[in-house]
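Worksheet for the structure shown next.
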Amino acid sequence: MSTKPQFYLTTAISYPNGAPHIGHAYELIASDAIARFKRLDGYDVFFLTGTDEHGQKMLQTAQKEGIEVRELADRNAANFKSMATALNASNDDFIRTTEERHRLSCQAIWKRMEEAGDIYLATYAGWYSVRDEAYYTEAETTVGTDHVRRGPQGTPVEWVEEESYFFRLSRFEQPLLKHYQDHPDFIGPDERRNEITSFVKSGLKDLSVSRTAFDWGIPVPGNPKHVMYVWVDALTNYLTATGFPDEQAERQHFWPANVHIIGKDIVRFHTVYWPAFLLSAGLPLPQRVFGHGFLFNRGEKMSKSVGNVIDPFALASHYGVDQLRYFFLREVPFGQDGNYSHEAIVTRINADLANDLGNLAQRSLSMIAKNLEGKAPQLQNLLPQDEAILALADALPEKCRHLMQNFALHQILAEIWRVVAEANRYFATEEPWIIRKTDQARFEVILAVTSEVLRAVAIMAQPVMPVACAKLLDLLGVPDTSRDFSHVGVKGRLDGGRMLPAPSGLFPRYVEEDTSAQDTTA
RNA sequence: GGCGGAGUAGCUCAGCUGGUUAGAGCAGAGGAAUCAUAAUCCUUGUGUCGGGAGUUCAAAUCUCUCCUUCGCUACCA
């Protein structure tokens with residue numbers, strides 16, 4: 001086991017009854033940036049993502065397509081897996097809830113909850129709409145003038161009773177409230193904590209945690225007529241991946257997770273049900289749950305009927321993976337909803353990446369190539385303005401680390417780009433292209449300072465743009481072993497004289513191919 | 001209905017516990033420079049800080065009220 005501090009983070013697992021969409025991509029990209037950040041900051045990271053493959057919807061989709069549900073799961077899970085690859089995610093594991101290890105884990109946590117006396121067999125009754133295939137509470141139904149009771153969708157409902165296991169969620173109302181109070185960071189962002197707290201305060205009912213209507217799920221131990229309610233099944237994946245219940249498992253020490261990164265729509269499952277299950281099973285709770293926002297296409301929610309569903313594979317190949325990652329994380333305050341559009345993506349790519357950073361690298365590195373025969377200049381004889389810009393760059397790890405405590409990914413990027421902007425001002429003010437004619441030594445210092453700032457920027461931006469930053473670090477002649485955050489600043493200063501490779505463009509400007517192609521995201 | 005957010009420049013948003021002429025980025029306008037991916041740098045905003053009332057020496061920042069908008073209000077995931 002590593003002596004480094006450990007950090008375990010997860011995405012939600014995706015429900016693969018369809019193709020991955022932009023929301024999946026966003027969550028994965030953000031989580032990956034956090035994972036990479038923590039690795040570069042000296043943590044032993046375990047980053048998990050995967051697919052949640054059980055439940056009635058999978059069954060229905062398979063039926064519709066005329067294939068076996070297993071086949072559907074295999075096919076679509078493979079899609080999600082390849083999305084992770086396409087987006088350059090650095091997940092250490094990819095869990096599928098149909099795996100044997102997960103069955104063992106779910107049945108183990110179930111038994112623990114049962115032994116704790118929190119699971120009992122009873123009858124689940126409710127108003128069921130065959131058309132909607134959903135249960136509704138009495139309050140959600142209305143009786144029309146024709147004396148027919150209907151659900152919210154206007155479809156007729158009937159009273160159905162089904163044998164079901166229940167989880168004594170009601171018992172956990174006070175323990176949960178106490179936990180929220182004692183651990184104010186448990187639910188983030190703050191708005192979500194308020195919502196959940198008021199939800200729990202309004203009272204918790206026991207939860208039906210098994211189904212008999214279908215069998216595509218994990219059998220309840222000792223009563224295989226029942227399969228577990230999908231959320232018992234799904235949430236437990238986080239535990240499964242650490243090897244639970246095997247206490248000798250290699251990754252056993254990663255539990256409890258440091259953070260679950262999830263969409264805001266499933267915060268309740270992660271901050272009410274999940275901790276209640278764990279409390280019942282006598283297991284430690286995850287430290288934090290963070291609900292990110294949704295991405296909207298020009299302010300509109302994506303939907304198949306509107307026809308604005310975007311394929312993340314297409315986006316990544318059209319704009320570039322690093323560019324897409326940068327856009328999502330820079331443009332949208334993490335935790336809030338955000339918008340994306342072709343215009344916004346192009347603006348970010350061209351203004352921030354090509355112009356501000358790419359061009360700065362290009363103009364400075366090509367000066368080194370042309371005037372210094374590709375030999376890196378020595379950082380020495382610094383003037384106050386040199387010290388000032390270096391101090392800004394050197395301060396980045398601490399600032400970013402602080403911002404990362406709240407997963408403020410957009411602010412981290414803003415902070416880094418503040419340094420880039422300052423470096424551009426520095427470069428323009430120092431006018432190395434003029435100094436070169438009169439003062440060769442000073443010319444070299446300016447380039448050395450600029451290179452040094454670029455080195456810090458490249459190191460800090462790696463979590464978001466791993467490929468481009470690696471390329472920039474290559475161009476700067478930074479050894480592979482000197483690229484973590486501890487190398488920003490004095491400790492990582494490189495000696496002059498090292499030979500740099502021939503500079504080449506970092507971020508090409510995005511140029512519209514033709515007007516008809518503008519509608520990639522429309 | 002209940003609870004909780006939000007409404008600040010053309011656009012996206014910062015503005016913590018109230019205090020000098022309300023900020024940033026993008027877009028727009030003018031200029032400088034020419035090393036560089038026609039990139040960069042400088043200058044440039046007469047904004048009823050949603051409406052109204054109140055507290056205060058002083059409010060975008062506190063209180064009340066109204067308007068608009070969004071989220072949560074349990075077993076599809």
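Residue numbers start from 1 in every chain, and the chains themselves are labelled A, B, ... in the order their sequence lines are given, proteins ahead of strands.
- Rounding to the nearest 0.5 Å places CG of A/L353 at 12.5 Å from CG of A/N359.
- For the C1' atoms, the distance linking B/A39 with B/G23 amounts to 27 Å, nearest Å.
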Name the pairs: protein N/O against N/O of nucleotides 5-13 of chain B, kept only if under 3.5 Å.
none

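- In this structure, B/A14 forms no base pair with any nucleotide, since neither Watson-Crick nor G-U wobble geometry is met with both distances under 3.5 Å.
- Using a 4.0 Å heavy-atom criterion, one finds that A/R192 contacts the sugar-phosphate atoms exclusively.
- Using a 4.0 Å heavy-atom distance criterion, A/Y229 is classed as a sugar-phosphate-only contact.
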Q) Using a cut-off of 4.0 Å between protein heavy atoms and nucleotide atoms, how would you tag nucleotides 36-42 of chain B 5' to 3' with B, S and -? A) BB-SSSS
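- Base pairing of B/U34: no nucleotide in any strand meets the Watson-Crick or G-U wobble criterion (both distances under 3.5 Å).
- With rounding to whole Å, A/E195 atom CD is found 14 Å from B/A74 atom C1'.
- Between A/D190 and A/R193, at least one side-chain nitrogen of the basic residue sits less than 4.0 Å from a carboxylate oxygen of the acidic one, meeting the salt-bridge criterion.
- Using atom C1' as the reference point in both B/A59 and B/A53, the two lie 14 Å apart (nearest Å).
- In this structure, the nucleotide among B/C75, B/C76, B/A74 sitting nearest to the side chain of A/R211 is B/C75.
- Partner assigned to B/C62 is B/G54, using Watson-Crick or G-U wobble distances below 3.5 angstrom.
- Nucleotide B/U21 has no partner under the Watson-Crick or G-U criteria, as no pair reaches both atom distances under 3.5 Å.
- Taking atom NE2 on A/H292 and atom P on B/G71, their separation rounds to 15 Å, with Å as the unit.
- If you measure from atom CD1 of A/I187 to atom C1' of B/C72, you get 12 Å, rounded to the nearest angstrom.
- Rounded to the nearest Å, the gap between the C1' atom of B/A32 and that of B/G50 is 42 Å.
- Contact annotation for A/W231: base contact, defined as any heavy-atom pair under 4.0 Å involving a base atom.
- Scanning for salt bridge (Lys or Arg N to Asp or Glu O under 4.0 Å) contacts around A/E163 gives A/K225, with sequence neighbours left out.
- Distance noted for atom P between B/U43 and B/C26: 14 Å (whole Å).
- As rounded to the nearest Å, B/A33 and B/C41 have C1' atoms that lie 8 Å from one another.
- Between A/R442 and A/D386, at least one side-chain N (NZ, or NE/NH1/NH2) sits under 4.0 Å from a carboxylate O, which counts as a salt bridge.
- The pair A/K264-A/E195 fails the salt-bridge criterion, with no side-chain N (NZ, NE, NH1 or NH2) lying under 4.0 Å from an Asp/Glu carboxylate O.
- B/A9 makes up no base pair with any nucleotide shown, lacking Watson-Crick or G-U wobble contacts both under 3.5 Å.
- Using a 4.0 Å cut-off, some side-chain N or O of A/R268 falls inside it from OP1 or OP2 of B/U73.
- No contact: A/G293 has no heavy atom under 4.0 Å from any strand.
- Taking atom CD of A/E415 as the reference point, atom P of B/G25 lies 14 Å away to the nearest angstrom.
- If you check every strand for non-hydrogen atoms under 4.0 Å, A/L169 touches a base.
- Rounded to whole Å, atom C1' of B/A77 lies 11 Å from atom CD of A/Q60.
- Here B/C26 presents its P atom at 17 Å from NE2 of A/H410, a figure rounded to the nearest Å.
- Under a cut-off of 6.0 angstrom, the local environment of NE2 in A/H402 is sparse, with at most 12 non-hydrogen atoms contributed by other residues, nucleotides or ligands.
- With A/H102 as the fixed residue, the side chain to side chain donor-acceptor pair (under 3.5 Å) test singles out one of A/T240, A/N237, A/T236: A/T240.
- Distance from the side chain of A/T347 is smallest to B/C26 among B/A77, B/C26, B/C75.
- Between the CD atom of A/Q411 and the C1' atom of B/A24 there is a distance of 13 Å, rounded to whole Å.
- The aromatic rings of A/W274 and A/H260 are tilted relative to each other, their planes meeting at an angle between 30° and 60°.
- With P as the reference atom, B/G25 and B/C66 are 39 Å apart, rounded to whole Å.
- Taking the six-membered ring where tryptophan is involved, the planes of A/F290 and A/F407 are perpendicular, since the angle between them exceeds 60° and thus also 30°.
- There is a side-chain donor-acceptor pair under 3.5 Å between A/Q440 and A/E444.
- Using the six-membered ring where Trp is involved, A/H21 and A/H24 have ring planes that are tilted, between 30° and 60° apart.
- With the nearest nucleotide of RNA chain B identified for both A/I196 and A/F166, A/I196 has the one nearer the 5' end.
- Remark: the separation of the C1' atoms in B/U20 and B/A27 is 31 Å, to the nearest Å.
- Nucleotide B/G1 has B/U73 as its partner under the Watson-Crick or G-U criteria, with both atom distances under 3.5 Å.
- Between B/C76 and B/A60, the two P atoms lie 48 Å apart (nearest whole Å).
- Geometric assessment of A/R268 against the ring of A/F199 yields a positive cation-pi assignment under the 6.0 Å and 45° thresholds.
- Computed from coordinates, the A/F294 CZ to B/A77 P distance equals 16 Å when rounded to whole Å.
- Note on A/N371: nothing from the nucleic acid sits closer than 4.0 angstrom, heavy atoms only.
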